[in-house]
Amino acid sequence: MKPGSERGDITIEAVVGVAALFLIFGLGLAGLRLLVADAAIDDAARSAARAASIARNGQAAAITADRRARAVLAEQQLACSSLDVNVDARDFAKSLGETGYVVATVTCVVPLADLVPGIGGLKTLRAEFRSPIDRFGARS
């Protein structure tokens with residue numbers, strides 16, 4: 001063996017090792033950003049359901065929930081290419097004293113490039129939350 005011939009092998013191993021570390025770091029960053037976006041959708045659904053549950057009727061509940069979900073996502077700086085806030089407020093028709101719930105479902109389609117630059121495609125995130133309606137609150 002010639003002296004110094006292993007030097008090139010070590011350089012190649014170092015380059016491959018550094019590239020692998022960058023790949024692992026990038027995948028970890030992508031996963032973390034996706035978890036943060038998913039948490040924002042959960043927060044939006046929870047907040048929307050709670051806001052809807054204190055409304056006076058089903059129509060007001062749907063409007064309130066939609067506004068609240070959009071506000072939470074704006075605060076979290078999550079841009080959805082498509083956002084759907086669906087509110088099941090039929091329990092507002094129940095009589096005073098009966099237990100009822102409002103269910104808010106938030107579905108957000110997020111461009112992956114917004115989460116991790118350089119990655120294409122879309123990811124659909126969905127969360128649902130149920131909040132009790134005040135049993136003795138005023139309903140119209």
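The chain is numbered in sequence order, starting from 1. Please read these numbers as outputs of a predicted model, since none were measured by experiment.
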Tabulate below the donor-acceptor pairs under 3.5 Å that side-chain atoms of residues 100-107 make, not counting sequence neighbours, or state none.
from	atom 1	to	atom 2	distance (Å)
Thr105	OG1	Glu128	OE1	3.3

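Between the Ser47 side chain and the Asp43 main chain, no donor and acceptor come within less than 3.5 Å of each other.
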Exercise for review: Evaluate side-chain contact (heavy atoms from CB on, under 4.5 Å) for Ser81 paired with Val110, printing each intermediate quantity in order.
Suggested key: CA-CA 6 Å; Ser81 62; Val110 182; over 6 Å; no

### Query
How far apart are the C-alpha atoms of Val109 and Lys123, what are their side-chain angles, what is the distance that settles it, and do they pass the side-chain contact (heavy atoms from CB on, under 4.5 Å) test?
CA-CA 6 Å; Val109 178; Lys123 176 72 176 170; over 6 Å; no

Q: Please step through side-chain contact (heavy atoms from CB on, under 4.5 Å) for the pair Ile54 and Arg50, ending with a clear verdict.
A: CA-CA 7 Å; Ile54 59 173; Arg50 287 184 176 154; over 6 Å; no

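Atom CZ of Arg56 sits about 13.5 Å away from atom CD1 of Ile133, to the nearest 0.5 Å. Between the CZ atom of Arg126 and the CG atom of Asp42 there is a distance of 11.0 Å, given to the nearest 0.5 Å. Summarising the geometry, atom SG belonging to Cys80 is positioned 7.5 Å from atom CG belonging to Leu125; distances are rounded to the nearest 0.5 Å. Going from atom CD1 of Ile41 over to atom CG of Leu78 covers 5.0 Å, rounded to the nearest 0.5 Å.
Here the closest heavy-atom approach between residue Ser53 and residue Pro132 is recorded as CB-O, 3.3 Å. Contact between Ala65 and Ala52 at its shortest, heavy atoms only, is CB-CB, 3.9 Å. Across every non-hydrogen atom of Ala44 and Ala69, the tightest pair is CB-O, 3.9 Å.
Leu34 and Leu73 end up in the same hydrophobic cluster when Ile, Leu, Val, Met, Phe, Trp and Tyr side chains are linked at under 4.5 Å. If you chain together hydrophobic residues whose side chains sit under 4.5 Å apart, Val72 and Leu83 never meet in one group. Val85 and Phe92 fall within the same hydrophobic cluster, where Ile, Leu, Val, Met, Phe, Trp and Tyr residues are linked whenever their side-chain heavy atoms come under 4.5 Å apart, directly or through other members.
The side chain to side chain donor-acceptor pair (under 3.5 Å) check on Arg46 picks up nothing, with sequence neighbours excluded.
Between Asp88 and Arg90, at least one side-chain nitrogen of the basic residue sits less than 4.0 Å from a carboxylate oxygen of the acidic one, meeting the salt-bridge criterion.
More than 12 heavy atoms of other shown residues, nucleotides or ligands fall within 6.0 angstrom of atom CD in Glu75.
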